[in-house]
Amino acid sequence: MAALSKSIPHNCYEIGHTWHPSCRVSFLQITGGALEESLKIYAPLYLIAAILRKRKLDYYLHKLLPEILQSASFLTANGALYMAFFCILRRGLLTIYMANLVLLFCITAAMYMFFFRCKDGLKGFTFSALRFIVGKEEIPTHSFSPEAAYAKVEQKREQHKEKPRRMNMIGLVRKFVDSICKHGPRHRCCKHYEDNCFSYCIKGFIRMFSVGYLIQCCLRIPSAFRHLFTQPSRLLSLFYNKENFQLGAFLGSFVSIYKGTSCFLRWIRNLDDELHAIIAGFLAGISMMFYKSTTISMYLASKLVETMYFKGIEAGKVPYFPHADTIIYSISTAICFQAAVMEVQTLRPSYWKFLLRLTKGKFAVMNRKVLDVFGTGASKHFQDFIPRLDPRYTTVTPELPTEFS
């Protein structure tokens, strides 16, 4: 058991910023590295989101850059301020263990899809994102009648007859799917008027698989082009990479399972009910097995709690606490950073790699051997590392690296 009541005589240079004795210089180095990595993360993310949401030119000229800088400064503060307060306080919180990833995502997806189906259940970006993923056919209320929908379908068919469709790759795939599912059944409660239920699920899978594949390809473009001249063969990994297919399989299977389950429940119950979304969303959450991401699961779960909390405030069921979301986030971040220092082995490797990237590798050069006195196994994965410390700035005579001993 960790003996956290013990104390050690070492200063913050001997434990934390072992690469430089100055707290101020170390803070600036961490801040600069974190800002650079944050911009690399958020710049393409916001640009892709703006393209998918079909933003107008005014957004790109006046709002895109401020939003990127705002999010980048937020992430930069996470890394930089931790080092600052490490020097000020040299104390943290105990770590906690994360819940089962897939089960958590299943529960989260079930509640999100239920709120999506309910009137005024979700608003803003969350509602728009889910409508893009699963389609407007799964929204109970529509601004158009079934008759109008059938009229649109007939109009499209007439246009196809008048003008031959160009037979590109997408057209061939669509024709193949249509030929398989041409005469399939569709329940009267289903609102996917152009397709039968089977075709509806298959097309949903193909569409979101393509979106996931393209997103992952776009995210890999900067790293692939860095090796354009030195290792041209690495460009192939831009298109043929396991992660590309994993994200595509995750999104595609989520949509197809959700739509398939919804159609199945409409068939056996002979009605369209918002409660179907709970079952369909929970089963669709199994798709997380294709793309296990703690970041996605924990982020969506935290946003769900936030959504339910504010709905409780609107209903007058729970009290309002000013800045509660900020306090919860701060505590959660402190716990994760504490684990990164005291018990790296409890973190997921992907999150540890992210922290190393955010701090330009400086998180790995902390002097964790002096922290073993607390009983957490802090140096378990750093047995061979001994920092090169300047004795002029230490309170305890430093241990020399192997090559100097």
Side-chain angles (χ1 to χ4, degrees), residues 36-55 64 67-68 71-72 75 101-102 104-106 108-109 112 125-126 128-135 168-170 173-174 177 201-228 230-259 281 284-301 303 347-358:
E36 179 184 342
E37 292 300 321
S38 300
L39 291 174
K40 289 180 181 179
I41 293 171
Y42 282 110
L45 183 64
Y46 273 88
L47 184 59
I48 293 172
I51 295 173
L52 292 177
R53 298 177 69 178
K54 300 178 181 179
R55 293 286 193 178
L64 178 61
E67 289 185 1
I68 292 175
S71 296
L75 188 57
L101 187 64
V102 176
L104 176 63
F105 183 72
C106 287
T108 303
Y112 264 117
F125 176 76
T126 305
S128 300
L130 287 177
R131 183 175 59 183
F132 172 78
I133 293 173
V134 301
N168 52 19
M169 183 60 69
I170 297 177
V173 172
R174 185 179 181 86
V177 173
C201 297
I202 290 181
K203 290 181 179 179
F205 176 84
I206 294 174
R207 173 175 170 269
M208 289 312 300
F209 180 89
S210 302
V211 170
Y213 177 84
L214 291 175
I215 289 176
Q216 199 67 39
C217 283
C218 292
L219 293 176
R220 296 181 64 84
I221 286 177
S223 60
F225 275 91
R226 282 202 301 266
H227 304 280
L228 177 62
T230 57
Q231 294 177 293
S233 60
R234 292 193 61 174
L235 288 178
L236 294 176
S237 66
L238 179 64
F239 303 101
Y240 188 75
N241 185 277
K242 183 174 69 174
E243 292 183 359
N244 296 10
F245 295 100
Q246 286 176 338
L247 181 58
F250 164 58
L251 293 177
S253 60
F254 181 89
V255 172
S256 58
I257 294 173
Y258 178 80
K259 289 184 174 182
I286 300 174
S287 60
M288 175 62 72
M289 297 180 66
F290 291 107
Y291 191 78
K292 295 180 180 179
S293 172
T294 303
T295 304
I296 294 176
S297 185
M298 295 301 294
Y299 174 77
L300 292 178
K303 294 300 290 185
L347 291 179
R348 286 184 63 86
S350 58
Y351 187 70
W352 173 241
K353 290 179 181 178
F354 172 73
L355 289 179
L356 291 180
R357 177 184 173 186
L358 187 65

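Just so it is clear, the model here is predicted, and its values are computed rather than measured. Note: hydrogens, waters and symmetry copies are ignored here, and every other heavy atom, side chains too, is used.
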Find out whether Cys106 and Ile286 are in side-chain contact, i.e. whether some heavy atom of one side chain is under 4.5 Å from a heavy atom of the other. yes

Ala109 and Gly281: which non-hydrogen atoms are nearest, and at how many Å? CB-O, 3.4 Å

Output for pair (Leu130 CG, Phe125 CZ), nearest 0.5 Å, gives 9.5 Å

For Phe245, what residues pass the side chain to side chain contact (heavy atoms under 4.5 Å, CB included) criterion, not counting sequence neighbours? Phe209, Tyr213, Tyr240

Applying side-chain hydrogen bond (donor to acceptor under 3.5 Å, both in side chains), can you list everything that pairs with Arg207, at least two apart in sequence or on another chain? none

Using atom types as modelled and distance alone, determine if a side-chain donor or acceptor of Ser253 lies under 3.5 Å from a backbone N or O of Phe250. yes

My understanding is that only residues two or more places apart in sequence, or in another chain, count here; which of them pass side-chain hydrogen bond (donor to acceptor under 3.5 Å, both in side chains) with Ser38? Thr76

Evaluation steps, side chain to side chain contact (heavy atoms under 4.5 Å, CB included), between Leu104 and Met288: CA-CA 10 Å; Leu104 176 63; Met288 175 62 72; over 6 Å; no

Please check: side-chain N/O of Tyr112 versus main-chain N/O of Leu300, any donor-acceptor pairing under 3.5 Å? yes

Would you compute the distance between atom CD1 of Ile48 and atom CG of Leu214 and round it to the nearest 0.5 angstrom? 9.5 Å

Among Leu251, Leu247, Val134, exactly one meets side chain to side chain contact (heavy atoms under 4.5 Å, CB included) together with Met208. Which residue is that? Leu251

So, do Arg357 and Ile41 sit near enough that their side-chain heavy atoms are less than 4.5 Å apart? yes

At what distance, to the nearest 0.5 angstrom, does CZ of Phe354 lie from CG of Leu75? 4.5 Å

Using the six-membered ring wherever Trp is involved, compare the ring planes of Phe254 and Tyr258 and label them parallel, tilted or perpendicular (cut-offs 30° and 60°). parallel

Partners meeting salt bridge (charged side-chain N to carboxylate O under 4.0 Å, His left out) with Lys303 (sequence neighbours left out): Glu306

Starting at CD1 of Ile206, measure out to SG of Cys201 and round the result to the nearest 0.5 Å. 11.5 Å

To the nearest 0.5 Å, what is the distance between CD1 (Ile51) and SG (Cys218)? 8.0 Å

Quick check for you: to the nearest 0.5 Å, what is the distance between Ile68 atom CD1 and Leu39 atom CG? 8.0 Å

Residues that Glu36 engages under side-chain hydrogen bond (donor to acceptor under 3.5 Å, both in side chains), provided they are two or more places apart: Lys40, Lys360

The criterion is salt bridge (charged side-chain N to carboxylate O under 4.0 Å, His left out); which residues satisfy it with Arg53, sequence neighbours excluded? none

